[in-house]
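Encoded as structure tokens, the structure appears first; notes follow it.
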Amino acid sequence: MDLKRFFTYEKADEERIALRGDEFHHAVKVSRLKEGYRLIICDNTANEYYCTIERIYKDYLIAKIDETKRNDTGESGLTLYIGVCKELDTVIQKAVEMGVERVVPFSSQHSNVGEVNTARLNKIILESAKQCGRSRLMSLEDLMT
């Protein structure tokens with residue numbers, strides 16, 4: 001069985017790491033992971049923590065770190081400046097898969113969209129990073145003109 005990948009901004013100590021918020025909800029309520037299940041937790045650095053769920057609480061879980069691996073897969077150092085358009089969701093998804101580290105959306109007189117739903121784009125970034133095995137999330141900058 002494939003290990004599911006989750007992201008956290010919690011800092012790991014030497015033995016344990018916590019998972020909270022939407023990622024906790026996805027792990028416990030959607031994926032139905034239980035105590036004793038194994039998973040991968042990334043802390044938005046190049047570290048991947050191969051863990052076993054030790055304890056599930058009401059709004060977070062604690063996982064015991066079994067192994068730490070370094071993952072620099074897909075990190076290119078590239079910044080993508082993209083004019084906002086109807087296809088921005090797909091462009092963001094493909095940019096994550098290609099290893100782009102930072103995206104700067106901009107609007108111009110030729111843009112066919114006036115605003116950007118950053119919450120939606122951040123979810124696309126998160127899901128794409130999980131799917132392609134990245135250990136760091138791509139950075140989405142504020143809309144420029």
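For the numbers below, each heavy atom of this structure counts, side chains included, while hydrogens, waters and symmetry mates do not. Every value quoted in this text rests on a predicted model; they were computed, and no experiment measured them.
Under a 3.5 Å cut-off, the side chain of E101 and the backbone N or O of G77 do form a donor-acceptor pair. Within the 3.5 Å criterion, the main-chain N or O of V96 finds a donor-acceptor partner in the side chain of R134. Checked by atom type and distance alone, the side chain of T8 pairs as donor or acceptor with a backbone atom of A18 at under 3.5 Å. With N44 contributing its side chain and L137 its backbone, the two residues share a donor-acceptor pair below 3.5 Å.
In the model, N47 has no side-chain atom that pairs as donor or acceptor with a side-chain atom of T68 under 3.5 Å. Side-chain contact, S139 with E141: a donor N or O sits under 3.5 Å from an acceptor N or O. Side-chain atoms of R55 and Y60 form no donor-acceptor pair, as typed in the model, at a separation below 3.5 Å.
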For this session: For the pair E87 and K94, evaluate salt bridge (Lys or Arg N to Asp or Glu O under 4.0 Å) and give the outcome as yes or no after the intermediate values.
Result: CA-CA 11 Å; E87 298 81 18; K94 299 306 174 192; over 6 Å; no
For this session: Evaluate the salt bridge (Lys or Arg N to Asp or Glu O under 4.0 Å) criterion for residues K123 and D22: first the C-alpha distance (whole Å), next the side-chain angles of each, then the deciding distance (0.1 Å), finally the verdict.
Result: CA-CA 10 Å; K123 283 186 177 181; D22 290 340; 5.4 Å; no
Problem set entry | Stepwise salt bridge (Lys or Arg N to Asp or Glu O under 4.0 Å) test for R5 and E48 | CA-CA 9 Å; R5 177 180 303 268; E48 293 181 334; 2.5 Å; yes
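Side-chain contact check for R102 versus Y81: some heavy-atom pair is nearer than 4.5 Å. Contact of the H25 side chain with the V30 side chain is registered, since non-hydrogen atoms from C-beta on lie closer than 4.5 Å. In this structure, the side chains of R16 and E10 stay at 4.5 Å or more apart for every pair of heavy atoms. Counting heavy atoms from C-beta on, the side chains of Y37 and L61 never come closer than 4.5 Å. At least one side-chain heavy atom of I62 sits less than 4.5 Å from a side-chain heavy atom of Y57. Between R136 and C42, the closest side-chain pair of non-hydrogen atoms is not below 4.5 Å. Counting heavy atoms from C-beta on, the side chains of I92 and M138 come closer than 4.5 Å. Taking the side chain as every heavy atom from C-beta outward, L126 and E23 approach each other to under 4.5 Å.
No option in I124, V104, V103 other than V103 meets the side-chain contact (heavy atoms from CB on, under 4.5 Å) test with L140.
Residue E115 qualifies as open at atom CD: its count of foreign heavy atoms under 6.0 Å is 12 or below.
Considering all non-hydrogen atoms of both residues, G36 and T52 come closest at O-CG2, 3.5 Å. Heavy atoms only, all atoms of each residue included: K130 and F6 are closest at NZ-CD2, 4.2 Å. For the pair L19 and F7, the tightest heavy-atom approach, listed with the atom from each and the gap, is CD1-O, 3.7 Å.
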